[in-house]
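Taking it in order: structure first as C-alpha cells, then the write-up.
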Amino acid sequence: FTVFVLVNDVDGNDAFDPTDDIANGELVVIKDSWINETSPGSNNWTATTLRVRSQNDSRNRRALIQFNMPEIDADSEVTKATLRLFMRDAPSNNRTYQVFRITQDWVEGNGESDNNPEGEVRWDNQPTTSNDPTTTSPVDTVAFHWVEFDVTADVEAFLSGTGNFGWLIKDSTESES
C-alpha cells in the first residue's frame, strides 16, 4: 500500500524535481485490517492482504487502512496525494471501489474473535466514516495491478488538523456478485 504525497510541485508536472520546493514522500502504514460481513465478530488483522468484495447474501468485505502524516511546513500546499493499492485478486465483474475517510479511531486488533485488544475492529463495530466517498476508482477483472485513488482533499484536511483515522475501502454496490 502506498500513499504518495507531492507538496508544492512548482512546475506542475507531478514529477520529482530537485528544483521544486517540495516534500515528496511515501507515508508509512500504521494500521490495516479488513472486515467480513459473514463473520461480523471476527478481526482479520493477521491477514497478509486486505480484502474488498461485494457478494450477494450479505457476504461483503471492506478494508481499513491508516497511514502516518509527516510534518509538513504550514506554508506548503499539497498538490496531490494518491492512495495506491495493489490488486492481487480481481473481481469477476467490473466494479467501482469507494474510499471513505474514517472519522473515529479504531483498533487494529490481533486477528481473532476474542475482542482482545478491546474494541478491535470487526464488521459489528466498524468505525464511522464520512457520508460521501472521498473518491472512487473503477476496478476491472484484471489481477496484479495498482488501483489508484485521489485522496488529496483528505490529506490536506489531515494536515490542517482533521483527525487522521485513515480510510475504509468498499465496493460501491455491496451485496451484489
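Not measured: the values here are computed from a predicted model.
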Would you say the side-chain atoms of [X] pair up with the backbone N or O of [Y], donor to acceptor, closer than 3.5 Å?
X	Y	result
Asp140	Asn94	no
Ser33	Leu64	no
Gln66	Asn164	yes
Asp105	Phe165	no
Ser54	Ser175	yes
Glu108	Asp32	yes

Hey, what do you get for [atom1] ([X]) to [atom2] ([Y]), rounding to the nearest 0.5 Å?
X	Y	atom1	atom2	result
Thr49	Met87	OG1	CE	12.0 Å
Phe100	Arg62	CZ	CZ	8.0 Å
Thr136	Ile169	OG1	CD1	13.0 Å
Leu83	Asp154	CG	CG	10.0 Å
Gln98	Lys170	CD	NZ	6.0 Å
Thr141	Asn93	OG1	CG	8.0 Å

Self-check item: Residues that Arg53 engages under side chain to side chain contact (heavy atoms under 4.5 Å, CB included), provided they are two or more places apart
Solution: Gln55, Arg59, Arg61
Practice problem: Taking side chain to side chain contact (heavy atoms under 4.5 Å, CB included) as the test, write out the residues that go with Gln104, two or more places apart. | Solution: Pro127, Thr128
Smallest separation among heavy atoms of [X] and [Y], with atom names:
X	Y	result
Thr129	Leu168	CG2-CB, 4.0 Å
Phe149	Thr135	CB-CG2, 3.5 Å
Val29	Phe67	CG2-CE2, 3.3 Å
Gly119	Asn125	O-ND2, 3.3 Å
Asp89	Arg51	OD2-NH1, 4.5 Å
Val155	Ala81	CG2-CB, 3.6 Å

Quiz item: Would Leu159 end up clustered with Val99 when hydrophobic side chains under 4.5 Å apart are linked, directly or stepwise?
Solution: yes
Quiz item: With the 4.5 Å side-chain cut-off for hydrophobic clustering, are Trp34 and Val107 part of the same group?
Solution: no
Practice problem: Could you tell me how the ring of Phe86 sits relative to the ring of Phe144: parallel (under 30°), tilted (30 to 60°) or perpendicular (over 60°)? | Solution: tilted
Exercise. Please lay out, stage by stage, how Ile35 and Val121 fare under the test side chain to side chain contact (heavy atoms under 4.5 Å, CB included).
Key: CA-CA 7 Å; Ile35 53 179; Val121 69; 4.1 Å; yes
Quiz item: Can you name the one residue among Val139, Asp171, Val52 that meets side-chain contact (heavy atoms from CB on, under 4.5 Å) with Pro91?
Solution: Val139
Quiz item: Is there a side chain to side chain contact (heavy atoms under 4.5 Å, CB included) between Gln126 and Trp106 once you walk through the steps?
Solution: CA-CA 8 Å; Gln126 59 190 290; Trp106 53 282; over 6 Å; no
Quiz item: With a 3.5 Å cut-off and no angle check, do the side chains of Thr38 and Asn36 form a donor-acceptor pair?
Solution: yes
Quiz item: Mind checking what makes ring-ring contact (aromatic ring centres under 6.0 Å, His included) contact with Phe158, not counting sequence neighbours?
Solution: Trp167
